[in-house]
Asks: 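Please find one structure pasted underneath; my questions will follow.
The analysis underlying the following values was restricted to heavy atoms, covering all of them including side chains, and did not include hydrogens, waters or symmetry mates. We number each residue from 1, following the sequence as shown.
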Amino acid sequence: MTDPILENLNPNQLQAVKTTEGYVRVIAGAGSGKTKALTSRFAYIVDRLGINSSNILCVTFTNKAAQEMKKRVKALIGDLFDVSFITTYHGFCVRFLREEINKVHYPKNFIILDAEDQKTILRDVFTELDINSKNLTFKQVLRFISKQKSTSDYLGYMLDNKSFELDEKDSLSSRVYQKYLDKQKRNYALDFDDLIHFTAFILDSNPDVLSKWQEMLHYIQVDEAQDSSDSQFHLVEILSRVHQNLFLVGDPDQTIYEWRGAKPEYLVEFDRMFPDTKTIIMNQNYRSTPNILKVGNHIIKNNKVRVDKDMVTDNPEGVEVVHFHGKNDFEETLWVASEIKEILKMENAAYSDITILYRSNHLSRNIEQALIKENIPYAIFGGVRFFERKEIKDVLSFLRLIVQGDNFSFLRLHNHPSRGLGKKFLERLSFLAGEQNLSLLQALENNIKDKELNKKGASDFLSLVAALKIDAETNSISDLVKIILDKSGLSELYRKDGDEDRLENIKELVSSMMLLEKENNGPVNIAEYLQEIALYTDLDKDTENQDKVRLMTIHISKGLEFPYVFLCGFTEGVLPSALSIKERRKRAIEEERRLMYVAVTRAEKRFYMTDSEGFNFTTGLNKYPSRFLFEIKEEFYVRKGKLSPEILQAAQTSAAASKNSEDSAFSEGDLVMHPVWNKGKVLTVDREKNQYIVHFFEMEKDKHIDFAFRFLTAASDFEEEMASPDALLSIQENLKNTPDPFADKTEQTDLPHKEEDQNIFNDKDANPGQKEW
């Protein structure tokens, strides 16, 4: 009799499933059946060990992954078990905070801010500070805020009723950050970063709450553990301390989110943190051909932050990997289009079997033009996400205004469609709301007779909201959306706008709600639905059934697989990204190499790398193939398109120079000589930024010196002693009393003639690595 939970597992997967106790680390390479092992293990713990499913926490990073795992677990053990703890980090934190946030005196119906809500706050802040995108962009500010929240004790301010003291010396970013926090506090609103930080804070500062959740969670599984940040790892680690059953699965070679806080070291060094850790390597690849895996294995071996493994497969050898080099962008993308047609003809493939990957979104333009020219249908993944589209946000904001009456929804809707409620109206309302400590909606309800607020548009809006609240009591959520569209005037607005896509997107939203109601066998709670949508960060519109070539960034492709993959724009400065290297140096090089590895390992049957000549506006230099190309032995791929010896040599020279600049020649405490600032001592070696901090004795200042600066040379201990004023004085006194050993011997000294001296510096072969000044 077959065992549905354990059947079709290979020996390493089976070991991962049955190793249930203690600290377990699974290094699961690309295409190795990681999700199968995770879900089988969850089912095994429930069905064979008898553990209640509500005592098992399984966290992952996307809703899509969580939903897929829930589906697979239910297929193994049935629908009667609670699988709500198969969730994302943010999903778990929301559930935790709905129960425990009162410990920090926040209401349990706190608001979750998504990216659009954050921008709404920033628009308000920018207006108050009289700044615009020329000063700062939303993207810059949001990154700054996220970084500040991960590195500072901002919760002390958020929770202790502290206030910022205004200081004109503060940077503009700091002032924006302070006002952003003020507005969050006033509305009891939490953004995605706060969900993790508030949860950790409550657990760290409330022993009784910590104990309760530790006792409840007997087993903890972490998917994609290589992407865990400091706060995320801290969360699962403290929750596992009582039962000590912590299972991490992931692949350090696929860490591509360091720029937003991922720390692959937690997975790489897990066995050092917990010496009793059991490590299981899952390196059997079920996805790709050996030819494709050879390329991936060969590239990733150059990284240092990893657990050594080679992916292996029993699949047939397959077609050779191809590198195409074009004379320009046009030739590169037209070749891709012609190769797509060839694949369709020769392999009986569909358009949807083919995916084109690139490092950055802007690279899609040339590709799109070539596909249009050749009449090849395509779909871009990762444009504006479905739930972030304007019309969808409008509808969801109405739902939230009905349930929560929050300021963000009010600001979005009070004059949309236009009701003649302009800037003065909003300024007066905001003033009264602040003075009376009310939300904007409450302030309008209480002060509708105020001279500046008593407008027909304001009265109509209040009547609309009141009527919709009544409708919400007796209608399903899908029917309520139809009522909202009709009564609010949004439906008419979208029709007048002439944008059919907006109406189609609304229909898609209603259809998804109806499907949810059908699955639930009854009405869907609006508050719970909004909570789920606020956490939704995946591509959620069904484009899988469309027969079109897919275009997407490498980041979006992670976790997916495709029969035929083209990696376009395989150019130095693009992949690896010159901007990332400038910001994070050696750390960035490793992450960019991992991006390359992810791109390669998406492919099942064929993999192509393409680049072209021309001018790279990002780097300000001529375009060369990526340095990663030269990390692959030429026997592992075939080259198409002519790559001239000059281009090849220039590319290899550029790659070698970049490689040299990554390495540090000096260590902390070393003495160095600088051609301008003379002697100094290395205080710090910053390998992330590829720079030293050097204290220069004569100027008594610290300077940041790049690893790539080739005129920084070693100095001796004797020179350091001379740098000390006291030592220098004693040496000078001593020299007065010491005979000059070179006196009267100058004429005998064997010095080179002037011509010979010049020849030394003009002889290019004297030091092949030395460039001329």
Asks: What I'd like to find out is whether the side chain of Met609 reaches to under 4.5 Å of the side chain of Val321, using heavy atoms alone.
Replies: yes
Asks: Hey, are the side chains of Met273 and Phe233 touching, using non-hydrogen atoms and a 4.5 Å cut-off?
Replies: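 Yes. Closest side-chain heavy atoms under 4.5 Å.
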Asks: On the ring face of Phe324, is Arg639 found with NZ or CZ under 6.0 Å from the centre and within 45° of the axis?
Replies: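 Negative - Arg639 is either too far from the ring of Phe324 or too far off its axis.
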Asks: Start with the C-alpha gap between Lys294 and Glu317, add the side-chain angles, then the distance that decides, and say whether salt bridge (charged side-chain N to carboxylate O under 4.0 Å, His left out) holds.
Replies: CA-CA 10 Å; Lys294 280 177 196 170; Glu317 200 70 13; 3.0 Å; yes
Asks: If you take the centroid of each ring, where Trp contributes its six-membered ring, are His323 and Tyr608 closer together than 6.0 Å?
Replies: no
Asks: Can you name the closest pair of heavy atoms from Gly33 and Gln13 and give their distance?
Replies: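 Shortest heavy-atom separation between Gly33 and Gln13 comes out as O-NE2, 3.4 Å.
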Asks: I'd like to know if the side chain of Gln232 reaches the main chain of Ser229, judged simply by a donor and an acceptor atom lying under 3.5 Å from each other, with no hydrogens or angles considered.
Replies: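 Confirmed, Gln232 side chain pairs with Ser229 backbone.
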Asks: Between Thr88 and Gly91, is there a donor-acceptor pair closer than 3.5 Å when you use the side chain of the first and the backbone of the second?
Replies: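 Judged by distance alone, yes, a pair lies under 3.5 Å.
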Asks: How close do Leu560 and Arg602 get, heavy atom to heavy atom, and via which atoms?
Replies: O-NH1, 2.9 Å
Asks: How far apart are the closest heavy atoms of Pro377 and Asn375, and which atoms are they?
Replies: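 Reported closest heavy-atom pair: CD-O, 3.7 Å.
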Asks: Side chains of Glu368 and Ser364: donor-acceptor distance under 3.5 Å anywhere?
Replies: yes
Asks: With rounding to the nearest 0.5 Å, note down the distance linking CG in Leu551 to CG in Leu371.
Replies: 6.0 Å
Asks: For a side chain to side chain contact (heavy atoms under 4.5 Å, CB included) check, start with the C-alpha distance between Ser32 and Met311, then their side-chain angles and the critical distance, and finish with the verdict.
Replies: CA-CA 9 Å; Ser32 63; Met311 297 305 296; 4.2 Å; yes
Asks: Apply side chain to side chain contact (heavy atoms under 4.5 Å, CB included) to the pair Val222 and Tyr89, showing each step before the final yes or no.
Replies: CA-CA 9 Å; Val222 181; Tyr89 272 110; 3.5 Å; yes
Asks: Thinking salt bridges, do Lys623 and Asp611 make one under a 4.0 Å N-O criterion?
Replies: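 Judged by the 4.0 Å cut-off on N to carboxylate O distance, Lys623 and Asp611 do not form a salt bridge.
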Asks: Do the side chains of Lys558 and Asp227 get close enough for a salt bridge, i.e. N-O under 4.0 angstrom?
Replies: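 A salt bridge links Lys558 with Asp227.
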Asks: Are side-chain N/O atoms of Asp271 and Thr277 paired as donor and acceptor at under 3.5 Å?
Replies: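 Absent: no donor and acceptor within the cut-off.
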Asks: With a 4.0 Å cut-off, would you call Lys301 and Glu631 a salt bridge?
Replies: no
Asks: Considering only heavy atoms from C-beta outward, does the side chain of Ile280 approach that of Ile27 to under 4.5 Å?
Replies: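 Heavy-atom side-chain distance check fails, nothing below 4.5 Å.
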Asks: Please check if the side chain of Arg593 supplies one atom and the backbone of Phe628 the other of a donor-acceptor pair under 3.5 Å.
Replies: no
Asks: Is any side-chain heavy atom of Arg550 closer than 4.5 Å to one of Ser352?
Replies: yes
Asks: With a 4.5 Å heavy-atom cut-off, do Val249 and Leu38 have their side chains touching?
Replies: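 In contact.
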Asks: I need the single residue from Val59, Asn63, Ile196, Asp193 that forms a side chain to side chain contact (heavy atoms under 4.5 Å, CB included) with His90. Which is it?
Replies: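 Among Val59, Asn63, Ile196, Asp193, the one meeting side chain to side chain contact (heavy atoms under 4.5 Å, CB included) with His90 is Ile196.
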Asks: Taking all heavy atoms of Val17 and all of Ser40, pick out the closest pair and write down the distance.
Replies: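 In terms of heavy atoms, the two residues are closest at CG2-CB, 3.8 Å.
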Asks: State the CG-CG distance between Asp223 and Leu248, to the nearest 0.5 angstrom.
Replies: 10.0 Å
Asks: Thinking salt bridges, do Glu116 and Lys390 make one under a 4.0 Å N-O criterion?
Replies: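 No, Glu116 and Lys390 are not salt-bridged.
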Asks: For the residue pair Thr279 and Ile281, establish whether any side-chain heavy-atom pair is separated by less than 4.5 Å.
Replies: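 Touching, per the 4.5 Å side-chain cut-off.
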Asks: Testing the 3.5 Å rule here: is there a donor-acceptor pair between the side chains of Tyr597 and Gln254?
Replies: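 Not at all, the side chains of Tyr597 and Gln254 share no donor-acceptor pair under 3.5 Å.
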Asks: Is Ser557 reaching over with its side chain to a backbone N or O of Ile554, donor-acceptor style, under 3.5 angstrom?
Replies: yes
Asks: Please check this pair: side chain of Asp547 against backbone of Tyr351, looking for a donor-acceptor N/O pair closer than 3.5 Å.
Replies: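 Here the side-chain-to-backbone pair exists.
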Asks: Can Lys309 and Asp251 be counted as an ion pair, charged N to O under 4.0 angstrom?
Replies: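 Answer for the salt bridge query: yes.
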Asks: Tell me if a side-chain donor or acceptor on Glu331 pairs with a main-chain N or O of Lys327 at a distance below 3.5 Å.
Replies: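 It does hold such a pair.
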Asks: Determine whether Pro11 and Leu14 make a side-chain contact, defined as any pair of heavy atoms from C-beta on separated by less than 4.5 Å.
Replies: no
Asks: Taking the basic N atoms (NZ, or NE/NH1/NH2) and the acidic carboxylate oxygens, is any pair closer than 4.0 Å for Glu68 and Lys64?
Replies: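 Looking at Lys64 together with Glu68, the answer is no, because their closest N to O distance does not fall below 4.0 Å.
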Asks: Any donor-acceptor pair under 3.5 Å linking the side chain of Glu591 with the backbone of Glu258?
Replies: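 Here the side-chain-to-backbone pair exists.
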Asks: Looking at CG of Leu567 and CG of Leu357, how far apart are the two atoms once the value is rounded to the nearest 0.5 Å?
Replies: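 With rounding to 0.5 Å, CG (Leu567) is 6.5 Å from CG (Leu357).
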Asks: How far does OG1 of Thr60 sit from CD of Gln221, to the nearest 0.5 angstrom?
Replies: 11.0 Å
Asks: Going by atom types only, do Asn315 and Thr313 share a side-chain donor-acceptor pair under 3.5 Å?
Replies: yes
Asks: Considering all heavy atoms of both residues, which atom of Gly296 and which atom of Val600 are nearest to each other, and what is their separation?
Replies: N-CG1, 3.8 Å
Asks: For Lys278, does the NZ atom have more than 12 heavy-atom neighbours from other residues, nucleotides or ligands under 6.0 Å away?
Replies: yes
Asks: Between Glu613 and His325, is there a side-chain donor-acceptor contact under 3.5 Å, judged purely by atom types and distance?
Replies: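 Yes, a side-chain donor-acceptor pair sits under 3.5 Å.
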Asks: Salt bridge or not between Glu561 and Arg287? Use side-chain N to carboxylate O under 4.0 Å.
Replies: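 Salt bridge: yes.
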Asks: Mind listing the closest non-hydrogen atom pair of Ala262 and Pro264 along with its distance?
Replies: O-CD, 3.7 Å
Asks: Verify the neighbour count for atom CZ of Phe330: are there more than 12 heavy atoms of other residues, nucleotides or ligands below 6.0 Å?
Replies: no
Asks: Is a salt bridge present between Glu347 and Arg606, judged by a nitrogen-to-oxygen distance below 4.0 Å?
Replies: yes
Asks: Between atom CG of Asn285 and atom CG of Asp310, what is the distance when rounded to the nearest 0.5 Å?
Replies: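 Between atom CG of Asn285 and atom CG of Asp310 there are 11.5 Å.
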Asks: Can you say whether the rings of His298 and Phe636 are parallel (under 30°), tilted (30 to 60°) or perpendicular (over 60°)?
Replies: perpendicular
Asks: Salt bridge check: are Arg306 and Glu590 linked by an N-O gap of less than 4.0 Å?
Replies: no
Asks: For a side chain to side chain contact (heavy atoms under 4.5 Å, CB included) check, start with the C-alpha distance between Glu604 and Phe562, then their side-chain angles and the critical distance, and finish with the verdict.
Replies: CA-CA 6 Å; Glu604 297 170 357; Phe562 317 99; 5.9 Å; no
Asks: Main chain of Thr255, side chain of Arg594: is a donor-acceptor contact present, judged purely on distance under 3.5 Å?
Replies: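 Pair found, side chain donor or acceptor close to backbone of Thr255.
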Asks: Give the C-alpha distance, both sets of side-chain angles, the deciding distance and a yes or no for side chain to side chain contact (heavy atoms under 4.5 Å, CB included) between Leu629 and Tyr637.
Replies: CA-CA 10 Å; Leu629 180 67; Tyr637 67 93; 3.7 Å; yes
Asks: Are any of the side-chain heavy atoms of Gln226 and Glu265 separated by less than 4.5 Å?
Replies: no
Asks: Determine yes or no for a side-chain-to-main-chain donor-acceptor pair under 3.5 angstrom, with Thr553 supplying the side chain and Ile556 the backbone.
Replies: yes
Asks: Rounded to the nearest 0.5 Å, what separates atom OG in Ser612 from atom CG in Asn366?
Replies: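 Taking OG in Ser612 and CG in Asn366, the distance rounds to 8.0 Å.
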Asks: Between Thr610 and Glu332 (side chain of the first, backbone of the second, donor and acceptor by atom type, cut-off under 3.5 Å), is there such a pair?
Replies: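 Not at all, since once roles are kept as given, no pair shorter than 3.5 Å links the two residues.
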